[in-house]
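Okay, structure first, notes after.
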Amino acid sequence: MSDPQSPAGAIHDVATLRQMYPEPHERALKKALPALDSHMRRFISLSPFLCLATASADGADVTPRGDAPGFVQVVDDHTLLIPDWPGNNRLDSLSNVVRNPQVGLLLFVPGMDETLRINGEAEVRIDAEYVERWNVGGKHPRSVLRVTVKEAYLHCAKAVIRSRLWKDDYRIERGQMPPYAVMIKEQAQLAQPVEEIEQSLQESYRNRLY
């Protein structure tokens with residue numbers, strides 16, 4: 001049931017928004033640090049997956065990034081390096097970074113309900129001293145995102161607890177959704193047969209992860 005004291009419709013100013021919520025706890029304000037500490041560095045070393053948020057005048061974007069734990073390298077308490085392994089080559093996020101360096105990161109560790117949030121500025125680097133830090137079977141990332149940390153903090157577990165992300169409760173049988181190749185064919189209105197799309201995808205997964 002809606003609150004009769006609350007304004008109807010969309011909220012367009014921060015003051016009104018703030019009135020709709022309780023004041024944050026002291027710990028929520030004080031936990032944000034201007035640099036990485038030992039707990040955050042350990043978290044990053046254990047994380048195989050993150051979401052990268054970017055934005056520019058052309059729009060906002062969130063993209064997944066993943067690899068073996070430790071794929072995000074910590075240079076120092078203010079600097080992270082994220083490899084850009086092969087993807088769809090749309091370059092939505094990297095194009096945004098070139099136009100606007102502001103980025104947000106959300107890192108996950110499977111089995112841990114808390115997450116790590118990092119806000120900062122990024123640049124796309126292609127020099128050898130960066131890309132050669134990663135070597136998988138002689139392959140290197142085409143570019144590396146160098147992130148300067150401005151704010152970092154551990155985020156409480158409520159969202160992951162509610163989603164039961166690491167549990168099996170909401171795990172679906174894959175057949176509840178069509179195969180990816182079917183969805184892509186329909187969305188992109190491709191003339192290519194589903195079987196060819198699926199073969200291309202599987203070949204990419206086998207041979208072009210790196």
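- With sequence neighbours excluded, no residue forms a side chain to side chain donor-acceptor pair (under 3.5 Å) with His39.
- For residues 185-210, every residue pair satisfying the ring-ring contact (aromatic ring centres under 6.0 Å, His included) rule, not counting sequence neighbours, is listed here: Trp85-Tyr210.
- In the hydrophobic clustering of ILVMFWY residues, with side-chain heavy atoms under 4.5 Å counting as a link, Val136 and Ile82 come out apart.
- Closest non-hydrogen pair, Val103 versus Ala122, comes out as CG1-CB, 3.8 Å.
- Expressed to the nearest 0.5 Å, how far CD of Gln73 lies from OG of Ser45 amounts to 12.0 Å.
- In terms of heavy atoms, Phe43 sits closest to Leu154 at CD1-CD2, 3.9 Å.
- Side-chain contact between Leu107 and Val109 is absent, with no heavy-atom pair separated by less than 4.5 Å.
- Asp13 places a side-chain N or O within 3.5 Å of a backbone atom of Thr16 that can act as its donor or acceptor partner.
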Does the pair Val72 and Leu50 meet the rule for a side chain to side chain contact (heavy atoms under 4.5 Å, CB included), with working shown?
CA-CA 9 Å; Val72 176; Leu50 65 83; 3.5 Å; yes
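- Remark: Asp127 engages Arg125 in a salt bridge, criterion side-chain N to carboxylate O under 4.0 Å.
- For residues 84-97, every residue pair satisfying the salt bridge (charged side-chain N to carboxylate O under 4.0 Å, His left out) rule, not counting sequence neighbours, is listed here: Arg65-Asp84, Arg90-Asp92.
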Please step through side chain to side chain contact (heavy atoms under 4.5 Å, CB included) for the pair Met40 and Leu116, ending with a clear verdict. CA-CA 7 Å; Met40 297 173 188; Leu116 176 61; 3.8 Å; yes
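- Within the structure, salt bridge (charged side-chain N to carboxylate O under 4.0 Å, His left out) pairs that include any residue of residues 97-120 comprise Asp58-Arg99 (at least two apart or interchain).
- The CG atom of Leu81 sits 12.0 Å away from atom CZ of Phe71, with the distance rounded to the nearest 0.5 Å.
- The shortest heavy-atom contact between Asp76 and Val74 is O-CG1, 3.3 Å.
- Pairing each heavy atom of Val62 with each of Cys51, the nearest pair is CG1-CB, 4.0 Å.
- Two residues are said to be in side-chain contact when any heavy atoms from C-beta on lie closer than 4.5 Å; Val124 and Val98 meet this criterion.
- The stretch residues 148-157 participates, sequence neighbours left out, in no salt bridge (charged side-chain N to carboxylate O under 4.0 Å, His left out) pair at all.
- In this structure, Val160 shares a hydrophobic cluster with Phe49, Leu106, Phe108, Leu165, Trp166, the cluster being traced through Ile, Leu, Val, Met, Phe, Trp and Tyr side chains under 4.5 angstrom apart.
- Other residues, nucleotides and ligands contribute over 12 non-hydrogen atoms within 6.0 Å of the CD1 atom of Ile161.
- Side-chain contacts under 4.5 Å among hydrophobic residues (ILVMFWY), followed directly or transitively, place Val194 together with Val182.
- Every residue two or more places apart in sequence or in another chain was checked for a side chain to side chain donor-acceptor pair (under 3.5 Å) with Asn100, and none qualifies.
- Cluster partners of Met183, using a side-chain heavy-atom cutoff of under 4.5 Å among ILVMFWY residues and allowing indirect links, are Ile172, Met177.
- Contact of the Val75 side chain with the Leu80 side chain is not registered, since no non-hydrogen atoms from C-beta on lie closer than 4.5 Å.
- Heavy-atom neighbours of Glu26 CD from other residues, nucleotides or ligands within 6.0 Å: at or below the threshold of 12.
- Judged by distance alone, the side chains of Ser93 and Asn96 never bring a donor and an acceptor atom under 3.5 Å apart.
- Here the side chains of Pro193 and Glu196 are in contact, with some heavy-atom distance below 4.5 Å.
- Among residues two or more places apart in sequence or in another chain, the side chain to side chain donor-acceptor pair (under 3.5 Å) test is passed with Glu198 by Gln202.
- From His25, atom NE2 reaches atom SG of Cys156 across 9.5 Å, with rounding to the nearest 0.5 Å.
- Rounded to the nearest 0.5 angstrom, Leu52 CG and Asp61 CG are separated by 7.5 Å.
- Placement of Ile44 and Tyr153 in two distinct hydrophobic clusters is found when ILVMFWY residues are connected by side-chain heavy-atom separations under 4.5 Å, directly or transitively.
- With sequence neighbours excluded, no residue satisfies side chain to side chain donor-acceptor pair (under 3.5 Å) with Arg42.
- Heavy atoms from other residues, nucleotides or ligands lying under 6.0 Å from CZ of Arg174 number more than 12.
- Closest approach of Pro110 and Pro48 over heavy atoms only: CD-CD, 3.4 Å.
- Summarising the geometry, atom CD belonging to Gln102 is positioned 11.5 Å from atom OG1 belonging to Thr54; distances are rounded to the nearest 0.5 Å.
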With a 3.5 Å cut-off and sequence neighbours excluded, list the donor-acceptor pairs that the side chains of residues 137-149 form with protein atoms.
residue : atom : partner : partner atom : Å
Lys139  : NZ   : Asn207  : O            : 3.4
His140  : ND1  : Trp134  : O            : 2.6
Arg146  : NE   : Tyr130  : OH           : 3.2

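- Distance CG/Leu33 to CG/Leu36: 9.0 Å, rounded to 0.5 Å.
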